[in-house]
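For clarity, every value in this text was computed on a predicted model and none was experimentally measured. Letters A, B, ... are given to chains in the order of the sequence lines, protein chains preceding strands, and every chain is numbered from 1. Just the heavy atoms: all of them, side chains too, but no hydrogens, waters or symmetry mates, feed the values below.
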Amino acid sequence: MAKISVQTGNFDIAAEISRLTAGRTDIGGVGCFVGIVRDDKPRDAPARAIQALTLEHYPAMTLRAVGRIVEEAERRWGLLGCTVIHRVGRMLPGENIVLVLTAASHRQAALDSTAFLIDWLKTKAPFWKREEFPDGEGAWVEAREADDTAASRW
Amino acid sequence: MAKISVQTGNFDIAAEISRLTAGRTDIGGVGCFVGIVRDDKPRDAPARAIQALTLEHYPAMTLRAVGRIVEEAERRWGLLGCTVIHRVGRMLPGENIVLVLTAASHRQAALDSTAFLIDWLKTKAPFWKREEFPDGEGAWVEAREADDTAASRW
Amino acid sequence: MSDTASMREPLTILYFAWLRERVGVAEEILELPEGVTTVAELVVYLSGLDQRHAAAFKDRKTVRCAVNQEFADPATVLQAGDEVAFFPPVTGG
Amino acid sequence: MSDTASMREPLTILYFAWLRERVGVAEEILELPEGVTTVAELVVYLSGLDQRHAAAFKDRKTVRCAVNQEFADPATVLQAGDEVAFFPPVTGG
C-alpha cells in the first residue's frame, strides 16, 4: 500500500497527496514533511555557503530498511496511506530532498507517524550528504550523533 | 508574514507551499497538516453516515485568535513562514477543511509547530461543525472535551 | 450607579451553533440590565426572558462564553458596550 | 575449518561516502580470510592491506557497518558469502 521511492528527480507534493486521498472518505488528516536543501550560512561564513548537495545511498539496504520502518509506522498508527520519497544525487539549495506523507483517521496518528518517519530517515537510513563550497571543495556532512556513543563498540 | 485565511473555497496545497519556500535557501523543512472531512461510519452505522459537514465560526474572534496563536508559534519556534487556512460553510466527505503549513530551518521546529497549531485549531478556535445524515437530519458535533471540567465554573 | 454616556451603550449578544438555533436569532442588542455585572448574572437574566432563551441556557455546563472576542468565565465582569458571545465547546479543524 | 562449498563463497565488501573515497573503490570481493570470524577482525585484516585501507579505517569510531543490509556490530559474526558494508554515520533527510 505504501509508496516508497528513492529517486534522482523532484516530486510533486500535490500529486502525492491526492494519490493518497482521492476518492476516499475515511481519511481525517494527512501529515506531511518536506525536507529542503538549506543554505543558511552565506552571511556568517561565505566560504562555506553550500553551492550544492550530493546524496549517496546504499540501494540494497535503503529500500529494505525504509520498507520495514514504513510497515512499522503503518501498524503502530493504523495508517490509511503512507508515502516516502527520498531524492539522491546532486541538488541545489532550495530544492526538495525528502517527502514524508501519512494519512490517518485522526490527526494525532498522522502527525506522530510523520515525525517518526522523518526522524528515522534523518538518523538511521543509509544516506550520506556531501556539501560543495564556493571554492569547488567539498566535505561530507558529519553526523550530529556523538561519536563517543558508538566508539566503545569497537 | 504569516498568511491566515478563513474561507469557503478549497485551497491549493502545492501553491501554498511554494508561496512559503520559493526563492529561499534558508528553509530546511516544511511541516504540513491537511484536515479532511471524514466519514468512517457508513459500515457500523449507515444512518449516521455523514453526507456533509457545515462549519460555522465567529469571524471577529477567529481572525484575532488565530493571528495571536500564529504569532506565538512564530516566536516560539523561530518560524520562517506560516500559513493557516480554515474553511467554513458546507463541505462533503473527502474535501479539505483545514491547512497548517510551517517553514523552519530544522525539522523539529516545523513538526512541533505544525502539531501545536492544528491542536489549537481543533480545541480552541471558535469553529463549530454540524453533520448532515442520510435522512436529512443533522446534529452539531459534540466536543470530546469532558463537560465536567468546565461544569464547575458556572 | 452613575449614569455616564458609556454606561448607556448597549450590549451585543451573539449566539453560535445550537445556541443560535435554540434562541432563534444570531444577535441581540440590549441595555446592560439593572443588577447584572457578570457573565453568570447575564445568563440568569437571559434565561428568564422566555422559553427559547431558557432552552438555550438549560445545559449550562456545555455553554461557553467570550467577551469582546476573548474567552470569558462566568465571573467575568461586563461593561456597557461589550460584545458577549455564547456558544458550545468548539469543534473546529 | 571444514571446507564446504558455502565456505568458498567470497565476501562482498562495500564502501560508502568518505570510506569509499579513501579506499578508492566502491566494492571489493575477497575470500573470508583465515582467522577472521567477526566484523572487528575483518577491519583489522583490511586495515593491514595497504595505506588506503589503513586511512579508511583510521577513525574507527566513525565507521559503521552493515552485514547483509542490516546494521552490525564489531562483534557480528561473518559467514562466507556475506555482503559487508562500511560507511560513516548516516546523514540523510
Show your reasoning for whether side-chain contact (heavy atoms from CB on, under 4.5 Å) applies to D/Leu11 and D/Leu42. CA-CA 10 Å; D/Leu11 293 179; D/Leu42 179 63; 4.1 Å; yes
A/Leu121 versus chain D, heavy atoms under 4.5 Å apart: side chain, backbone, both or neither? backbone
Going by atom types only, do D/Glu83 and A/Tyr58 share a side-chain donor-acceptor pair under 3.5 Å? yes
Is a side-chain donor-acceptor pair under 3.5 Å present for A/His57 with A/Thr62? yes
Parallel, tilted or perpendicular: ring planes of D/Phe57 versus D/Phe86, cut at 30 and 60 degrees: perpendicular
Show the numbers, then the answer: is there a side-chain contact (heavy atoms from CB on, under 4.5 Å) between A/Ile85 and A/Glu16? CA-CA 10 Å; A/Ile85 302 178; A/Glu16 296 300 337; 3.6 Å; yes
Contacting moiety of D/Ala66, where chain A heavy atoms sit under 4.5 Å: side chain
Does any heavy atom of chain D fall under 4.5 Å from the side chain of A/Arg68, the backbone, both, or neither of them? side chain
Counting only heavy atoms closer than 4.5 Å, note whether A/Ala60 contacts chain D via side chain, backbone, both or neither. both
Counting only non-hydrogen atoms closer than 4.5 Å, does D/Asp59 touch chain A with its backbone (N, CA, C, O), its side chain (CB onward), both, or neither? neither
